[in-house]
Each structure stands twice: as C-alpha cells, then as structure tokens.
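One is the number of the first residue; the rest follow in order along the sequence. Note: hydrogens, waters and symmetry copies are ignored here, and every other heavy atom, side chains too, is used.
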Amino acid sequence: QVQLVESGGGLVEAGGSLRLSCAASGGTFSRYGMGWFRQAPGKEREFVAAVSRFAESTYYADSVKGRFTISRDNAKNTVYLQMNSLKAEDTAVYYCSARWGAAVTVRTQDYNYWGQGTQVTVSS
C-alpha cells in the first residue's frame, strides 16, 4: 500500500510560481509512474502531468505545457510539480497519484493510489 502526501500549495498572484511536492511511502517508489491531477470546483478531475518510473518520459496537458515541469527524485521518494506563470484558471486542488508499472497514462482511472490533495489558489 502506497501513501502519498502532497505539500506546497497556497495562494499566489497571477504570474507567480509554486512548487508542489509529493512524498511517497509504503512501496518501492521507482516501480510507480507518477502523475499530477487537479480538480476545480464543479469540474471533473483532470490530468496535469505525468512522469515515468525513471523520468525518461514526461507528459503534460496542453493547458500547462511550457509552464509546468514534473520531476522526481527516486532517492527521496518524492515527485515535484514546478508551476510557473500561474493563471487564475490554474486554481484547483492538486492531487498526486501513483500507477504501478512502466506505462504512463493520462487517465484518472489508471492510477492506483492518490494523495489527499493540496489547494492552489491563483489571484488575478
């Protein structure tokens, strides 16, 4: 059983930056592809970014491409999401997720474990 704990959310002005972290425990971190998703009020949870087990591949939603960067440190069992040039529409609860195996997907239903989420609010 993998436990995921996000941190780093908060309130930031439009154009600012935040870095989210997700600490994993209870499993062999390098066996999991990792993803970040977000959910705004009244909307479905949506894919933001994903990284493969050894960071050889990364994937991004079109809405964040060029502004967000996903990375991982397998020695620290942690995945990061660096968010730059934030916009009001990036406001959401951000969730870290883990998926067993080599394949990396953008589908919510493919991920096995989820964190509790961290709130990101961007003021315009």
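- Note that CG of L4 and CG of N112 are 10.5 Å apart. Values are rounded to the nearest 0.5 Å.
- With hydrophobic clusters built from ILVMFWY side chains whose heavy atoms lie under 4.5 angstrom apart, F68 shares a cluster with V12.
- Here the side chain of S63 pairs no donor or acceptor atom with the backbone of A61 at under 3.5 angstrom.
- A 4.5 Å side-chain heavy-atom check between W114 and C96 finds every atom pair outside the cut-off.
- Atom SG of C22 and atom CD of E6 lie 5.0 Å apart (nearest 0.5 Å).
- N84 contributes atom CG, which lies 11.5 Å from atom CZ of R19 (distance to the nearest 0.5 angstrom).
- Looking at heavy atoms from C-beta onward, T105 lies in side-chain contact with R99 at the 4.5 angstrom threshold.
- Between W36 and V79 the shortest side-chain heavy-atom distance falls below 4.5 Å.
- Side-chain atoms of L86 and L18, non-hydrogen and from C-beta on, do get closer than 4.5 Å to each other.
- Within the 3.5 Å criterion, the main-chain N or O of V2 finds no donor-acceptor partner in the side chain of Y32.
- Checked by atom type and distance alone, the side chain of Y94 never pairs as donor or acceptor with a backbone atom of L81 at under 3.5 Å.
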request  = Would you please test M83 and D90 for side-chain contact (heavy atoms from CB on, under 4.5 Å) and show each step?
outcome  = CA-CA 9 Å; M83 305 186 295; D90 294 318; over 6 Å; no
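- Scanning both residues, S85 and S17, for their nearest heavy atoms gives N-OG, 4.3 Å.
- The aromatic ring centres of F37 and Y111 sit less than 6.0 Å apart.
- The distance from atom CZ of R67 to atom CD of Q82, rounded to the nearest 0.5 Å, is 12.0 Å.
- With ring centers used as reference points, W100 lies 6.0 Å or more from Y113.
- Judged by the 6.0 Å distance and 45° axis criteria, R72 is not positioned over the aromatic ring of Y80.
- Two different hydrophobic clusters hold V104 and V48 under the rule that ILVMFWY side chains link at heavy-atom gaps under 4.5 Å.
- Side-chain contact between T91 and V120: absent, with no pair of heavy atoms (C-beta onward) separated by less than 4.5 Å.
- For the atom pair T58 OG1 and K65 NZ, the distance stands at 9.5 Å (nearest 0.5 Å).
- Two residues are said to be in side-chain contact when any heavy atoms from C-beta on lie closer than 4.5 Å; E46 and Q39 fail this criterion.
- Put simply, the side chain of E56 gets close to the backbone of F54: a donor and an acceptor are under 3.5 Å apart.
- Between A14 and S124, the shortest heavy-atom contact is CB-CA, 4.2 Å.
- Within the 4.5 Å cutoff, side-chain heavy atoms of M34 are placed close to those of F29.
- Residue R38 comes nearest to A92 through the heavy atom pair CB-CB, 3.8 Å, listed as atom of the first residue, atom of the second, then distance.
- Geometric assessment of R45 against the ring of Y95 yields a positive cation-pi assignment under the 6.0 Å and 45° thresholds.
- Between the CD atom of E13 and the OG1 atom of T121 there is a distance of 13.0 Å, given to the nearest 0.5 Å.
- Counting heavy atoms from C-beta on, the side chains of Y60 and T69 come closer than 4.5 Å.
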